[in-house]
Amino acid sequence: MRDLSLLFLVSGWFVGAVAQEPQASVAEPPRQRELAEATDRVVAELKLDGAALSVLDGGKLVHRGVHGQMTSEFVLPIASASKWLAVATVLSLVDEGKLDLDLPVTRYLPEFDHGDLAVITLRQCLACTAGFAAERGMLLLPRIKTMTAMAAELAEQSLHARPGDAFRYSGLGFQVAACAAERVTGQTWHELFATRIAAPLGMTATKFGRLLPIAGDAGTTPVPWVAGGAESTLCDYERFVAMLLLGGELDGKRVLTAASVRAMLQVQSGDAEVQLPGVFEGNDIHYGLGTWITSEANGVQRCSDPGAFGFTPWLDLDLGIGGVFLVRDRVARVLPRVRPLQDLARKVARSEAVAGRVETIELSFGGRQRRYRLHVPAVPQDARGLPVVMLLHGGGGNGEQVAEATGMAQLAAREGFVLVCPDGTGALRNRLLTWNSGGIDVYAATRQVDDVGFLRAVVADVARRVAIDPVRIHAVGHSNGAMMCHRLAREAADVFASVACVAGAMNSTDVDPGSPIHVLIVHGTADEHVLYDGGRPKQAVGRAGNRVDASVAAAVQYYRARNGLAGEPKVQADGKVRIESWERAVPGTQEIVRLQVVTLQGGGHSWPGGTRRALADAPFPFAASRAIWEFCQQARRLPVPAAAPR
């Protein structure tokens, strides 16, 4: 384990060699006073020339503090924090089937086909359980000129433990994985990292360099030290951490699959004792793929990847928060002071000033005690009216369930809109609830529950509690909730600017107000609960199976006629996703009325891009929540024509 210790010694002369860069002229990022003051104390206690701290909640930056001579664009070596970047690069190839974590590396590097080396897997290489000795890395690099030569040299190493039997913190396994990546693609490591990780995430200043000097010849060295030779900035690494927190995607770009992110951040070291003297010692320490996993107070499981100079990215998966601490010092001095910052970040990220508030509201209506869940984002006190998304659960669900399954609660917090999740009604208080959407034989319909009136009342109640924008109120629903949205489009167009209907038929046709309304329809062609082409469902629960649903085409025909949308649609096709869009200017206004239909070829009934529920089909890989919010952002409530004189 001397390779990390030697990096400490190297840091003494290298830190002074890094040039200062001028402060970039950018918009002021959020800065939380408690975190800023705590970081100032760390800088003072360690007598540092500067430091910087970022905290993220999912993809949202909730704090960035730059202290002393440090800047957010300062480029410096990140040492072992390079491992997360290396693992992500390898996993991107696993996602494409070019590499397999559990096949022997001999499949990619025939040089390893002898002795214990023949059974080493890439998973073991990235989990430090392949058996390589740590100190050998320092002796190899100076005389190796190519990655091909690196692979040949690594194939001659003697293992200090049988593969899979013990944890040995070493950079050599990561070099093996990098050699395999180059071999199967024919690309250099620099090309692989740049195209697969850096470019999609906009990490313009992050590159891999040599081991000695640390990060030397970054981006050009023929033998990059992938386990510890990268350089980066606070802003660059923020984006990488955000991508991990969001399950492998950022700004609509998929970098890793959610499965690969989970593999990276879950224990891969088995029952092996995991220690790093002077840095990670004690019980409940584990290792993932390039990831230290520690058990903190209150049962918190923290994933981190600190470097020898103290540069520390981390994730607290229970809250979906993470951060980056940028500093130039020795990790043994820095890490004990980073942990209180991480704990404080948890408190700040969940404070009402940062995370907003969530509350359950009881509301009497129609002789019933009803309820809804209100999510209010953190906004400046002088913020103008906020947009509202009312999210309606499917049959058998409730407000909490649909907020979690769709990811809308997290999206609302990041994007700054109010999320309202009402409950339908049922024989039980908060379970197996339904909406009186029309054309479906369920509890709410047989009891003639006035759900249109209730949802109007919910909007009015929210308006008394939050400064909302009355022309930016949107109804979004899934299944029975989507059917209810179709009904709201007919009976409450004076309240809702748009409706977004996911996997739900337009079965209510009693009212036709004639006024235009923005509409988004998302439906899978293999949905057996609400058929794309209409008709009796192939799968249903109880009396709900007695209905005959309208087709998607029937809904499209109605909304085209209602909105005056003639002509052929604009079509976008991406694999199994087809998006048809119609729009026109509304006379006498500056508004555009829009109808958009997203057809998911082979998509089932689950919320696309959501979490899978028990007994439900696998969600189609389409980010429906993000697409819906982007649609809602363009929509303002259109004027309702005055009633004709009688």
Side-chain angles (χ1 to χ4, degrees), residues 3-4 6-7 10-11 14 17-18 75-94 98-99 105 108-109 111 122 125-126 128 130 132 134-155 157 169-201 203-233 236-237 240 255 289-290 305 307-309 311 313:
D3 65 338
L4 189 57
L6 184 53
L7 285 174
V10 172
S11 69
F14 186 84
V18 179
V75 180
L76 81 171
I78 61 175
S80 287
S82 308
K83 290 183 174 66
W84 269 4
L85 307 179
V87 170
T89 305
V90 173
L91 290 178
S92 72
L93 294 170
V94 172
K98 292 182 170 65
L99 292 174
V105 297
Y108 317 110
L109 303 171
E111 305 95 304
L122 289 177
C125 288
L126 300 178
C128 294
F132 289 110
E135 64 271 13
R136 295 294 299 169
M138 297 304 188
L139 304 177
L140 288 175
L141 266 291
R143 59 187 176 83
I144 294 177
K145 305 302 181 185
T146 67
M147 289 292 274
T148 300
M150 168 66 75
E153 185 69 40
L154 291 169
Q157 299 306 301
Y169 189 62
S170 169
L172 299 190
F174 296 87
Q175 295 302 117
V176 172
C179 291
E182 287 199 354
R183 193 75 60 88
V184 299
T185 62
Q187 294 179 287
T188 69
W189 180 260
H190 301 303
E191 291 170 335
L192 291 170
F193 173 71
T195 58
R196 293 172 171 274
I197 307 299
L201 294 178
M203 300 174 70
T204 57
T206 304
K207 300 177 177 63
F208 281 84
R210 293 192 281 139
L211 174 60
L212 296 173
I214 304 295
D217 300 328
T220 61
T221 177
V223 187
W225 183 244
V226 305
E231 63 181 18
S232 190
T233 68
D236 268 18
Y237 218 103
F240 184 82
V255 178
L289 301 181
D305 188 24
F309 306 126
F311 183 99

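Because only heavy atoms are used, hydrogens play no part in the values below, and waters and symmetry mates are left out as well, while side chains stay in. These figures come from a predicted structure and were not determined experimentally.
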For this session: Mind listing the closest non-hydrogen atom pair of Phe132 and Gly173 along with its distance?
Result: CD1-N, 3.9 Å
For this session: Begin with the C-alpha distance, continue with both residues' side-chain angles, and end with the deciding distance and a verdict on side chain to side chain contact (heavy atoms under 4.5 Å, CB included) for Thr188 and Glu182.
Result: CA-CA 6 Å; Thr188 69; Glu182 287 199 354; 4.2 Å; yes
Problem set entry | Closest non-hydrogen atom pair, Ser232 against Asp236 | OG-CB, 3.5 Å
Problem set entry | Test item: Ile78 and Glu231 side chains (from C-beta on) under 4.5 Å apart, heavy atoms | no
Problem set entry | Closest heavy-atom pair and its distance - Leu109, Ala151 | CD2-CB, 4.4 Å
Problem set entry | Stepwise side chain to side chain contact (heavy atoms under 4.5 Å, CB included) test for His190 and Thr221 | CA-CA 9 Å; His190 301 303; Thr221 177; 4.0 Å; yes
Problem set entry | Reported CE-to-SG distance for the pair Met150 and Cys179, which is rounded to 0.5 angstrom | 6.0 Å
For this session: Can you measure from CG (Leu99) to CG (Leu122) and round to the nearest 0.5 angstrom?
Result: 6.0 Å
For this session: Write down the atom of Pro77, the atom of Ile214, and the distance for their closest heavy-atom approach.
Result: CB-CG2, 3.6 Å
Problem set entry | Any Lys145 side-chain heavy atom under 4.5 Å of Pro222 side chain | no
For this session: Report yes if some heavy atom in the side chain of Pro313 is under 4.5 Å from a heavy atom in the side chain of Trp84; otherwise report no.
Result: yes
For this session: Can you sort out the partners of Gln187 under side-chain hydrogen bond (donor to acceptor under 3.5 Å, both in side chains), two or more places apart, ordered by chain and number?
Result: none
Exercise. Got a second to check how far Thr206's OG1 is from Leu201's CG, nearest 0.5 Å?
Worked result: 9.5 Å
Seminar exercise, completed: Tightest non-hydrogen contact, residues Thr233 and Ala205, listed as CG2-CB, 3.7 Å
Problem set entry | Check against side chain to side chain contact (heavy atoms under 4.5 Å, CB included), Ser82 and Trp225 | CA-CA 9 Å; Ser82 308; Trp225 183 244; over 6 Å; no
Problem set entry | NZ/NE/NH1/NH2 to OD/OE distance under 4.0 Å, Asp217 and Arg210 | yes
For this session: Can you measure from CG (Leu85) to CG (Asp305) and round to the nearest 0.5 angstrom?
Result: 8.0 Å
For this session: Might you point out which heavy atoms bring Phe208 and Val226 nearest each other, and give the distance in Å?
Result: CE2-O, 3.4 Å
Exercise. Are the side chains of Ser92 and Lys98 in touch, meaning some heavy atoms are under 4.5 Å apart?
Worked result: no
Exercise. Just how far is it from atom CD1 of Ile197 to atom CZ of Phe240, taken to the nearest 0.5 Å?
Worked result: 6.0 Å
Exercise. If you draw the axis of the six-membered ring of Phe193, does the NZ or CZ of Lys207 fall within 45° of it and under 6.0 Å from the ring centre?
Worked result: no
For this session: Flag the pair Ser80 / Lys83 as yes when at least one side-chain heavy-atom distance between them is below 4.5 Å, and no otherwise.
Result: yes
For this session: Please tell me if the side chains of Arg196 and Val255 come closer than 4.5 Å, counting only heavy atoms from C-beta onward.
Result: no
Exercise. Where the side chain of Gln175 meets the backbone of Pro224, is there a donor-acceptor pair that is under 3.5 Å apart?
Worked result: yes
